Amino acid sequence: MPSSGVVDPSQPTRRRDLPPLFFFGTLLVISGLALYFVGILFSVVRLILHLGEPFRTWNAAIVWYSGIPSTVGLGLVGLDLALLLPAKRRRSRSKALEPIRDGKVVVALTAYNDEESIGQAVVDFGSHPLVRRVIVVDNNTQDKTFDIATRAGARVVKETNPGYGSCVYRCFQEALNEDVELIVLCEGDMTFRANDLEKLLAYIDHADIVNGTRIVEQLREYSTQLSTFMYYGNFFVGKLLEVKHLGRGTFTDVGTTYKLARRESLQRLMPLLNPKINLEFNAHFLDTALANGEKLVECPITFHPRVGVSKGGNVNNVRSLQVGLRMIAGLCFGWR
């Protein structure tokens, strides 16, 4: 059948982006610096142990050759900034968005053994005048999360496939079944509140997806589960995402669940997302959205101590490091 020439806005469309030379250059500079510090450490050990040849020659070679990836990387960064960045910025502004006609939202909450918090979260969002419905996706909980969420007024569904990615993906699926233009994803642990909905909505006429960021120091409480290591590690990965998609936006938080999306944007992204990706799913979501040409804007949100025990990537710094390394691997080598 011949094409009618009409593009379905709900269908995924892969863009042919300009090469991310800044991203590749940054990785080369980081690898060069890492190799240089290995050489410095090697020299300290060599001097302490009074090691002569051939260790001295090897040491000198490591330090000297560390300059090659750094020099090439700086060259790629300079090429991107001088030749490609203006075109990338123009491209990012070429997509026109329809204004939102109805500001009502459906809120989908992830939940895993959240009986201490889920009732409060459902009531908090459900009582907001802009929320049409609250959905809770119960990811194989062993406590009373399902019953408490139901009594609080949510539509509750069970997702039997374990993992954060499967739970978020099911949240999107269930929210897309509702007749609304706007979909909010959040967690049911009370770290995020309905009071921030107006903040997210204020940006939606300028974006397909508004992603919350917890990086603003004045908006996060002192005793949250986000340690200093997690805070700056998350910021680093956010900047890595930014240089990969240079000219597409400013990104500081790749780990927050709280986000607002247009219905058509989610419909385009659903076939491209992999629900088998676990705790690093939010980074996968943002990277995939940017690669698909979606317009993203970050919005500062308040961040509160969670009610109950943390069970995700913020359990401790070691687990956070593991999640962060998987995020970096996904950004560099693709999401598997």
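Index from 1, following the sequence. From a predicted model like this one, the values you see are computed outputs, not experimental measurements.
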Side-chain donor-acceptor contact under 3.5 Å, His128 with Asn195 = no
Apply the side chain to side chain contact (heavy atoms under 4.5 Å, CB included) test between Ile328 and each candidate in Val323, Leu240, Leu241; give the one that qualifies.
-> Leu240
With a 3.5 Å cut-off and no angle check, do the side chains of Ser265 and Glu294 form a donor-acceptor pair?
-> yes
Exam field: side chain Arg56 to backbone Leu51, donor-acceptor pair closer than 3.5 Å = no
Closest approach of Ala152 and Gly119, non-hydrogen atoms and distance?
-> CB-O, 4.0 Å
Glu242 pairs by side chain to side chain contact (heavy atoms under 4.5 Å, CB included) with which of Phe251, Phe23, Phe22?
-> Phe251
Between Glu115 (side chain) and Asp143 (backbone), is there a donor-acceptor pair under 3.5 Å?
-> no
Check: Tyr232 main-chain N/O paired with Asn234 side-chain donor or acceptor under 3.5 Å = no
For atom CD of Glu98, is the number of surrounding heavy atoms from other residues, nucleotides or ligands below 6.0 Å larger than 12?
-> no
If you draw the axis of the six-membered ring of Tyr231, does the NZ or CZ of Arg220 fall within 45° of it and under 6.0 Å from the ring centre?
-> yes
Is the backbone of Arg326 close enough, under 3.5 Å, to the side chain of Glu280 for a donor and an acceptor to pair up by distance?
-> no
Are the aromatic rings of Phe285 and Phe172 close, with centres under 6.0 Å apart?
-> yes
Where the side chain of Asp196 meets the backbone of Thr302, is there a donor-acceptor pair that is under 3.5 Å apart?
-> yes
For Lys276, does the NZ atom sit with more than 12 other heavy atoms under 6.0 Å from it, leaving out its own atoms?
-> no
Tightest non-hydrogen contact, residues Thr224 and Pro305, listed as CG2-N, 3.9 Å
Please examine the side chains of Leu200 and Ile204, heavy atoms only from C-beta on, and report whether any two atoms are closer than 4.5 Å.
-> no
Pairing of Asp208 and Lys295 as salt bridge, 4.0 angstrom limit | no
May I ask you to check whether over 12 heavy atoms, not counting those of Phe42, lie within 6.0 Å of atom CZ?
-> yes
Write down the atom of Leu296, the atom of Ala289, and the distance for their closest heavy-atom approach.
-> CD1-CB, 3.8 Å
Report yes or no: does Thr191 contribute a side-chain atom to a donor-acceptor pair with the main-chain N or O of His304 at less than 3.5 Å?
-> no
Do other residues, nucleotides or ligands put more than 12 heavy atoms under 6.0 Å from the CZ atom of Phe229?
-> yes
Nearest atoms (heavy-atom pairs only) where Ile183 meets Ala175 = CG2-CB, 3.5 Å
Before giving the answer on side chain to side chain contact (heavy atoms under 4.5 Å, CB included), spell out for Phe125 and Cys186 the whole-Å C-alpha distance, their side-chain angles and the decisive distance to 0.1 Å.
-> CA-CA 10 Å; Phe125 281 99; Cys186 196; 3.8 Å; yes
For Asp102, does the CG atom sit with more than 12 other heavy atoms under 6.0 Å from it, leaving out its own atoms?
-> yes
N/O donor-acceptor pair under 3.5 Å between Asn139 side chain and Gly163 backbone | yes
Short side-chain to backbone donor-acceptor contact, Asn140 and Thr160, under 3.5 Å | yes
Do Ser320 and Asn317 have a side chain donor and acceptor closer than 3.5 Å?
-> no
For residues Asn282 and Lys259, is any side-chain donor paired with an opposing acceptor at under 3.5 Å?
-> yes
Flag this pair as yes if the NZ/CZ of Arg46 is under 6.0 angstrom from the six-membered ring centre of Phe55 and inside a 45 degree cone about the axis; otherwise no.
-> no
Between Val105, Val106, Val180, Leu182, which is the residue that forms a side chain to side chain contact (heavy atoms under 4.5 Å, CB included) with Arg132?
-> Val180
Decide if the gap between the ring center of Tyr203 and the ring center of His206 is smaller than 6.0 angstrom.
-> no
pair Tyr258-Glu187: side-chain heavy atoms closer than 4.5 Å | no
Asp138 side chain to Val157 backbone, donor-acceptor under 3.5 Å | no
Does the Lys244 side chain pair with the main chain of Lys239, one donor and one acceptor, at a distance under 3.5 Å?
-> no
